[in-house]
Amino acid sequence: MADAAELPRSITLVGAGKMGFALLQGWAARGLSGAGVTIVEPQPSPALVSLAQERGFRLNPENREAPRALLLAVKPQALDQVAPTIAGEAGSDTLIVSILAGKRVADLSARLPQARLFVRAMPNTPAAIGRGITGAFAAPAVDTENRALAETLLAAVGEVVWVETEPLVDAVTSVSGSGPAYVFYFVECLTRAGVEAGLPEETAARLARATVSGAGELLRQSAGTTPATLRQNVTSPGGTTAAALEVLMAGDGLAPLLERAVAAAKRRAGELSG
């Protein structure tokens with residue numbers, strides 16, 4: 001994980017919604033403070049205002065200078081509105097880290113013509129508790145120093161995985177970026193199935209939530225064991241788990257359903273470009 005000494009002295013965060021705020025909290029947790037951090041957020045939450053006051057960050061100042069790093073965390077649809085307001089700060093030596101789903105380096109470069117150091121990244125919502133994972137791609141102009149700087153910024157909220165070609169960022173978006181929603185929906189469905197099996201709703205919800213969170217933690221702590229092995233470890237031949245897995249692993253079961261879901265998310269990420 002990064003520490004305050006590794007973080008740049010000047011950072012501008014554009015957009016401090018859930019993900020932008022999570023990153024800001026991660027930087028603050030590693031000791032970052034002072035007026036070198038500028039936050040551009042037209043609708044600051046009370047939590048953001050409090051954090052900015054506590055750490056001495058500049059929130060929506062009238063005058064801004066080009067920072068060492070500028071992190072774009074607005075909604076993809078807001079890029080056209082935001083870009084003209086920050087173009088003057090996005091210079092040739094400023095590292096631009098974008099977490100805008102679907103917006104490619106070419107899209108960013110067209111709107112920030114002076115900039116050349118672009119990193120596209122896609123974190124996910126567990127970043128809010130420091131357990132996120134981010135997939136990132138560095139444009140060709142990004143050297144080793146700036147790539148390390150981008151990783152330092154992103155690692156404040158979890159793991160960072162680099163992909164070597166830009167189209168793979170859309171695949172990252174569809175797997176890990178959107179993935180937490182798939183897991184949460186699975187818990188919803190498992191809860192409903194428990195109710196259909198006769199459990200009270202509160203009991204079914206508690207069982208489903210604890211099962212998924214516990215299994216996830218077991219998976220995390222069993223890094224040297226494949227998910228398939230973990231699955232086999234709890235599957236007795238001819239038992240109850242095997243009966244359920246026959247349904248989930250059928251030709252029309254969970255695998256093709258997830259493949260279609262991931263493909264749909266990836267397709268949508270592509271549609272957001274431009």
Side-chain angles (χ1 to χ4, degrees), residues 1-2 18-19 22 26 29 101 121-137 151 154-165 168-269:
M1 286 292 186
K18 290 181 180 178
M19 193 59 67
M122 181 48 59
N124 61 7
T125 55
I129 58 168
R131 288 285 302 278
I133 187 163
T134 300
F137 165 78
E151 181 157 347
L154 297 168
V157 292
E159 298 181 55
V160 179
V161 175
W162 290 90
V163 295
E164 297 306 313
T165 61
L168 288 177
V169 178
D170 289 346
V172 167
T173 300
S174 62
V175 173
S176 60
S178 300
Y182 313 158
V183 176
F184 301 147
Y185 184 58
F186 178 80
V187 174
E188 292 180 60
C189 292
L190 188 57
T191 298
R192 286 201 297 269
V195 171
E196 288 297 317
L199 289 168
E201 184 171 357
E202 183 178 348
T203 301
R206 184 176 175 185
L207 289 169
R209 180 187 289 260
T211 296
V212 171
S213 61
E217 182 61 19
L218 178 61
L219 188 66
R220 187 184 74 85
Q221 294 189 24
S222 306
T225 306
T226 66
T229 298
L230 292 173
R231 168 177 55 79
Q232 291 160 4
N233 288 344
V234 296
T235 307
S236 301
T240 57
T241 306
L245 287 173
E246 284 183 12
V247 177
L248 292 175
M249 299 175 73
D252 60 348
L254 186 58
L257 183 64
L258 273 178
E259 288 171 7
R260 294 199 304 275
V262 168
K266 183 181 178 184
R267 184 167 57 252
R268 180 57 182 155

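- Between Ala155 and Val160 the shortest heavy-atom distance is N-CG2, 3.7 Å.
- Using a distance-only test at 3.5 Å, with no hydrogens or angles considered, a donor-acceptor pair links the side chain of Ser176 to the main chain of Val172.
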Side chains of residues 228-240: which donor-acceptor pairs under 3.5 Å do they make with residues two or more places apart or in other chains?
residue, atom, partner, partner atom, Å
Thr229, OG1, Thr226, OG1, 2.9
Asn233, ND2, Thr229, O, 3.4
Thr235, OG1, Arg231, O, 2.7

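- Interatomic distance, Met122 CE to Ser174 OG, rounded to the nearest 0.5 Å: 10.0 Å.
- Smallest separation of non-hydrogen atoms from Thr191 and Glu201: CG2-O, 4.2 Å.
- Scanning both residues, Met19 and Ala127, for their nearest heavy atoms gives SD-CB, 3.8 Å.
- When all heavy atoms are compared, the tightest approach of Phe137 to Val163 is CD1-O, 3.6 Å.
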Side chains of residues 251-259: which donor-acceptor pairs under 3.5 Å do they make with residues two or more places apart or in other chains?
none

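- No more than 12 heavy-atom neighbours from other residues, nucleotides or ligands sit within 6.0 angstrom of OH on Tyr185.
- Of the possible donor and acceptor atoms, one in the side chain of Asn124 sits under 3.5 Å from a partner among the backbone N and O of Ile133.
- For Glu202, the CD atom is loosely surrounded, since the number of other residues' heavy atoms within 6.0 Å does not exceed 12.
- Nearest heavy atom pair, residue Val175 against residue Tyr182, reads O-CE1, 4.2 Å.
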